[in-house]
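In this text the structure is predicted, and so the values were computed from the model without any measurement. A, B, ... follow the sequence lines: proteins, then strands. Residue 1 opens every chain.
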There are 2 protein chains.
Amino acid sequence: MNEVPKKSRRGRPKTLKKADVTDVAMHAYWENGPAEVSLNAICQQAGVSKPSVYREFGNDDGLTHAALSSYADKVLGKMLTITQSEDSFARKLNQLVHLSAEDVLHEHGCLFVKMRTAKAQMGPKTQELIGAIESMSLDAFSKVLSEARAAGSGSGGISVELGARYLQAQIGLALDQRARGEDPKETLALALSVFNTADT
Amino acid sequence: MNEVPKKSRRGRPKTLKKADVTDVAMHAYWENGPAEVSLNAICQQAGVSKPSVYREFGNDDGLTHAALSSYADKVLGKMLTITQSEDSFARKLNQLVHLSAEDVLHEHGCLFVKMRTAKAQMGPKTQELIGAIESMSLDAFSKVLSEARAAGSGSGGISVELGARYLQAQIGLALDQRARGEDPKETLALALSVFNTADT
DNA sequence: ATAATAAAGTACTAAATGGTATAAAATGAA
DNA sequence: TTCATTTTATACCATTTAGTACTTTATTAT
């Protein structure tokens, strides 16, 4: 909303694509864990020089922030879409289970979950974003549960607040299991069965 | 069982206590995460020189192995004791919940869980030990569940194998949450409520 | 042409890491 | 007292890290 200074009139034309570097960083962090990937390695993989990266992102905190922000848009957005759909509570749960426990998208786990695990080692901007994403996801789950309650889909006497924390924890666990190469499908289904008390 | 070569007759008397260094390492890894603590830092904290540590432990893999092994004896042994007790299934679950979700012992989480998360960054001996501990704990939970089934305590139509994996995953999750500063008590209780279908 | 400008890469820095060569120190035996 | 032996710590090594000073290159304006 604030800057489109395109067509800078003078100087060497810029060849570095910030979005491309962000994408390389996002996938590198996602696959290998943010703490295991150096800024040097990302420069190599992206085929750009280190000063270029520092010019665009400031420092490594800027780069991890950009990578996580991009991840939130491209990947976590799919979770949000599910929670905000018009489907029934049961169908929403099914879709969340599929996306987190089966979809190849998360075969290496979830960048957000990995960054949250390494939160203390991240820079301040990235830490703040991790917290913001966590709140946002908790709100989304709360909304799902309160809508279900309003629609009469019994959530087994579980408060909306507890249910949202539980849903977030269980999906995070499943994504963590996938990062370790485990198949979380059955255990996640069992965990979410607490929401089906007398339902069909 | 194999060596007590005490009273070596010659040479400078040894002052380094291997057990003390192991203990310092264990607590440092436990609190800060194994990937965030360097061998240098442990040498400083333990007040010993680096070559001494290399002589005793070989390399960093040897040190992390020793630390995790010590942790398994001192801390995970308490879990094992609970699973092997003569208590009822429900009481065992209660004790496991208390130990992992409330006991100050795990206020910084669990070293095993942290090492498992960082498994790929650990040395081969440590990786092997992580796998062995995981199998052992799975066996312990399986035993608890099959005994409960034999004693008639209904575990809600959940197979022993799935129940054991589920119990391990949920306790691991709770310990992970404690490492992040969250209070897992309510969510863990909710997760384990799947074992109470028609029980009192 | 030439000057100004902006972005590019080369090549560096200081700090930290895991690991080691080596000499000093402390003992028992000769 | 001297020698062999064992453990110690100092001081190094190569590598990797985040971050930067500096020069070169490519463009527009004069």
Legend entry - Residues in side-chain hydrogen bond (donor to acceptor under 3.5 Å, both in side chains) contact with Q168(A), at least two apart in sequence or another chain: S137(A)

Legend entry - OP1 or OP2 of dG9(C) under 4.0 Å from side-chain N/O of S52(A): yes

Legend entry - Pair E186(B) + R165(A), salt bridge at N-O below 4.0 Å: yes

Legend entry - d(CZ, R55(B); C1', dT22(C)) in whole Å: 14 Å

Inset, instruction - Would you mind telling me which of L175(A), V75(A), L105(A), I171(A) makes a side chain to side chain contact (heavy atoms under 4.5 Å, CB included) with C110(A)? - result: L175(A)

Legend entry - Short side-chain N/O contact to dT10(D) OP1/OP2 from S49(B), under 4.0 Å: no

Legend entry - Contact state string [nucleotides 16-27 of chain D, B base, S sugar-phosphate only, - no protein heavy atom under 4.0 Å]: -BBBBB---BBB

Inset, instruction - Please indicate whether R91(B) has more than 12 foreign heavy atoms, meaning atoms of other residues, nucleotides or ligands, lying under 6.0 Å from its CZ. - result: no

Legend entry - Interatomic distance, K14(A) NZ vs dG9(C) P [rounded to whole Å]: 12 Å

Legend entry - Residues D139(B), K143(B): salt bridge by 4.0 Å N-O rule: no

Inset, instruction - Return the value, rounded to whole Å, for the distance between atom CD of Q121(A) and atom C1' of dA16(C). - result: 15 Å

Inset, instruction - Quickly work out the K17(A) NZ to dA8(C) C1' distance and round it to whole Å. - result: 14 Å

Inset, instruction - Kindly say if T15(A) contacts the phosphate of dA7(C), meaning a side-chain N or O under 4.0 Å from OP1 or OP2. - result: no

Inset, instruction - Side-chain contact test, heavy atoms from C-beta onward, threshold under 4.5 Å: evaluate it for D61(B) versus M122(B) and give yes or no. - result: no

Inset, instruction - Specify the separation, in whole Å, of atom CD1 of I42(B) and atom C1' of dT17(C). - result: 13 Å

